[in-house]
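Note sheet for the following structure.
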Amino acid sequence: MYYNSTQDKSKAVLSAQAIAQGISQDGGLFVPESFPQITEKELKSMLEMSYRDRAKLIMAKYLTDFTQDEIADCVDSAYTAEKFGSENPAPIATVNFNGAELNLLELWHGPTCAFKDMALQILPHFLTKSLKKVGGGKDAVILVATSGDTGKAALEGFKDVDHTKIIVFYPESGVSAMQKHQMNTQEGENVYVCAIRGNFDDAQTAVKKIFTDPATAQVLDDNNMMFSSANSINWGRLLPQIVYYVSAYCDMVNKGKVAFGDPINITVPTGNFGNILAAYYAYEMGLPVKRFICASNSNNVLTDFIRTGVYNKNRDFYTTVSPSMDILVSSNLERLLYCMSGCNDAETKGYMELLKSEGVYTVSTKIKEKLQSMFWGGYADEDATKRTIHDLFEQQGYLCDTHTAVAVSVCDAYIRESGDPTPVVIASTASPYKFSKAVLSALDKGKMPESEFDMVEQLHEITGAEVPAPLASLKGKKARFGDVTDKEDMQSVVFGALGIK
């Protein structure tokens, strides 16, 4: 299995190189040259498997330069009951909302209480093995831009991992108080965290520029280092996410929610498009899926794109109660465009160049028709998000976070508009306690406490929902990091954090 660049498919590397490098030197993203298939026999066999065994089967199809023992070691080290609370790190909770049955795929039982743990607990194992194969003895510098959850999950995954250093940038006013506290209190000798004056798109653009700058790469090489990524631009991030959609289908069959072989719909709250892209890749492998419901918040650039075929980032940016989705440049959409264009690297590169120069591009009729045949886009504004949190708790006693609420709201709108009775899986992406202020406000149960941890306690008292231990343990923990920089100075910050003069 080789991987090509979305912007130059003449580039072909094995998975270890794709994972170690993170992004192609031409600025494109690595994609598998073809999608290995899950046969009906294999899918049926997975019904009886544990989550870890399902992961090993799927990952082996893509990591052909890894041995079975190496893959098993990665999987067994990442998905332990100690880290995720049970043998199934991605369980399904079924609720009835406004008369429809919704199956919530809870992806937030890991050590940082967000779905990013599903990938970022295994990525360090992928990376260390990849570096042994292709790294030439260099240390990996993990450079991360985060809208909230990726940062903490990456920091936790890579803390004190040999031959790695990790640097995380986040928007100073674009993450929740709990997310900021999680990152700034991070332990580990090889970690560094810095806020930027700007939004996530500013951080993401600057990180990509640093990644692809030849002079910067040479400076790192002179110091026996190389860049890699923990963002979803890294193939090692996307692959683990494919697994939980296949596993969810198996669990749905086992629960009697869908007949084996019949399709499901999948709803994903997304900003950077990685999580929903992983679901689409599972479909390309043979998973029975009828429709992908793409849920956005007020930053609804993806909704407009799916409905019109025009991607336009030239619009107002909103800071919302679902900050991990406050994104106007959806990096992983590039991979979908490459796939839907028939692996046309020149066409994909053209779209990306227009996005960079004009901030807008219009896809071909072929891509638009294929996109709209598989995807449905909708969004939930702040009022709809909070109303969904309130109504879901009142109807079912189920407490969800702001991002999951966006997905539930959009899924509800899709069902009402289409009348589609297909069983639905919704990606539930974070613990509500990561966004206690917004969730408390939505429940409207009285005066808001002043401190973040008082909000957590009040939310627990009102709802009885268990406070995850990783969040409860942060109370009273002192911050290690507090630096803030301009986006133009991020490269200097990187060199300073690495001790390079």
Side-chain angles (χ1 to χ4, degrees), residues 1-6 12-24 29-38 42 46 49 51-68 70-79 89-90 105 107 110 115-131 133-134 142 150 153-154 157-158 228-250 266 268 270 272-287 331-332 334-336 338-339 427:
M1 169 66 72
Y2 281 89
Y3 295 80
N4 306 121
S5 165
T6 51
V13 300
L14 291 169
S15 67
Q17 184 67 44
I19 291 168
Q21 196 171 319
I23 188 172
S24 178
L29 307 184
F30 288 117
V31 290
E33 61 181 354
S34 62
F35 291 102
Q37 295 302 292
I38 300 171
E42 285 175 324
M46 280 192 275
M49 291 183 186
Y51 186 92
R52 290 196 289 269
D53 286 341
R54 292 168 183 168
K56 292 169 191 175
L57 190 157
I58 294 164
M59 290 175 178
K61 293 177 178 290
Y62 288 99
L63 304 177
T64 56
D65 50 334
F66 283 60
T67 67
Q68 292 289 340
E70 286 175 328
I71 294 170
D73 182 62
C74 291
V75 170
D76 291 337
S77 299
Y79 300 121
L105 177 60
L107 300 170
F115 81 101
K116 307 295 177 71
D117 288 326
M118 296 298 297
L120 285 164
Q121 281 300 304
I122 197 168
L123 180 60
H125 300 286
F126 284 161
L127 183 62
T128 52
K129 286 177 170 54
S130 295
L131 287 173
K133 297 175 188 292
V134 302
I142 316 299
T150 287
F158 279 97
S228 190
S229 172
N231 282 91
S232 56
I233 56 174
N234 192 316
W235 174 246
R237 267 283 306 274
L238 270 175
L239 176 55
Q241 294 178 275
I242 295 171
V243 174
Y244 53 67
Y245 291 111
V246 178
S247 184
Y249 184 83
C250 293
I266 297 176
V268 186
T270 190
N272 220 13
F273 208 77
N275 202 6
I276 197 166
L277 179 72
Y280 180 78
Y281 277 7
Y283 161 78
E284 286 283 358
M285 294 180 72
L287 190 71
S331 290
N332 272 290
E334 180 175 343
R335 284 181 162 119
L336 184 73
Y338 179 81
C339 183

- Just by distance, do the side chain of Asp65 and the backbone of Leu14 share a donor-acceptor pair under 3.5 Å? no

- Message: Could you check whether any side-chain N or O of Ser130 sits under 3.5 Å from a backbone N or O of Phe126, counting only pairs where one atom can act as donor and the other as acceptor?
- Response: yes

- Item | Flag, side chain of Lys61 to backbone of Gln37, donor-acceptor distance under 3.5 Å | yes

- Message: If I take atom CG from residue Asp73 and atom CZ from residue Phe66, how far apart are they, to the nearest 0.5 angstrom?
- Response: 11.0 Å

- Query: Can you tell me how far the CG atom of Leu105 sits from the OH atom of Tyr245, to the nearest 0.5 Å?
  - Reply: 7.0 Å

- Message: Quick check: do Arg54 and Val246 have side-chain heavy atoms less than 4.5 Å from each other?
- Response: no

- Examine distances only and state if a side-chain atom of Thr64 and a backbone atom of Met1 form a donor-acceptor pair shorter than 3.5 Å. yes

- Item | Closest contact, heavy atoms only, Ser228 versus Leu127 | OG-CD1, 3.8 Å

- Query: Does the side chain of Glu42 come within less than 4.5 Å of Met285's, by heavy atoms?
  - Reply: no

- Message: How close do Gln21 and Phe30 get, counting heavy atoms only, and between which atoms?
- Response: NE2-CZ, 3.8 Å

- Message: For Asn272 versus Ser232, what's the shortest heavy-atom pair and its separation?
- Response: ND2-OG, 3.8 Å

- What are the two closest non-hydrogen atoms of Met118 and Ala90, and how far apart are they? CE-CB, 4.0 Å

- Message: I'd like to know if the side chain of Arg335 reaches the main chain of Val31, judged simply by a donor and an acceptor atom lying under 3.5 Å from each other, with no hydrogens or angles considered.
- Response: no

- Item | Close side-chain approach of Tyr338 to Asn4, heavy-atom, < 4.5 Å | yes

- Closest heavy-atom contact between Leu29 and Glu334? N-OE2, 3.9 Å

- Item | Side-chain heavy atoms of Ile19 within contact of Leu123, under 4.5 Å | yes

- With rounding to the nearest 0.5 Å, note down the distance linking CZ in Arg52 to OG in Ser77. 10.0 Å

- Item | Atom pair CG/CD1 of Leu57 and Ile38 - distance to nearest 0.5 Å | 7.5 Å

- Message: Can you tell me if Phe35 has over 12 outside heavy atoms packed within less than 6.0 Å of its CZ?
- Response: yes

- Item | Nearest heavy-atom neighbours spanning Ser229 and Ile142 | C-CG2, 4.1 Å

- Message: For a quick check under 3.5 Å, do Tyr280 and Glu284 share a side-chain donor-acceptor pair by atom type?
- Response: yes

- Task: Please round to the nearest 0.5 Å and tell me the distance separating atom CD1 of Ile233 and atom CD1 of Ile23.
- Result: 4.5 Å

- Taking the side chain from Thr128 and the backbone from His125, do they hold a donor-acceptor pair closer than 3.5 Å? yes

- Query: Do Arg237 and Asn234 meet the criterion of a side-chain donor-acceptor pair at a distance under 3.5 Å?
  - Reply: no

- Task: Over 60° means perpendicular and under 30° means parallel, so classify the ring planes of Trp235 and Tyr281, tilted if in between.
- Result: tilted

- Message: Surrounding OH of Tyr51 (heavy atoms of other residues, nucleotides or ligands, distance under 6.0 Å), is the total greater than 12?
- Response: yes

- Query: In Å and rounded to the nearest 0.5 Å, what is the CG to CG distance from Leu238 to Asn231?
  - Reply: 11.0 Å

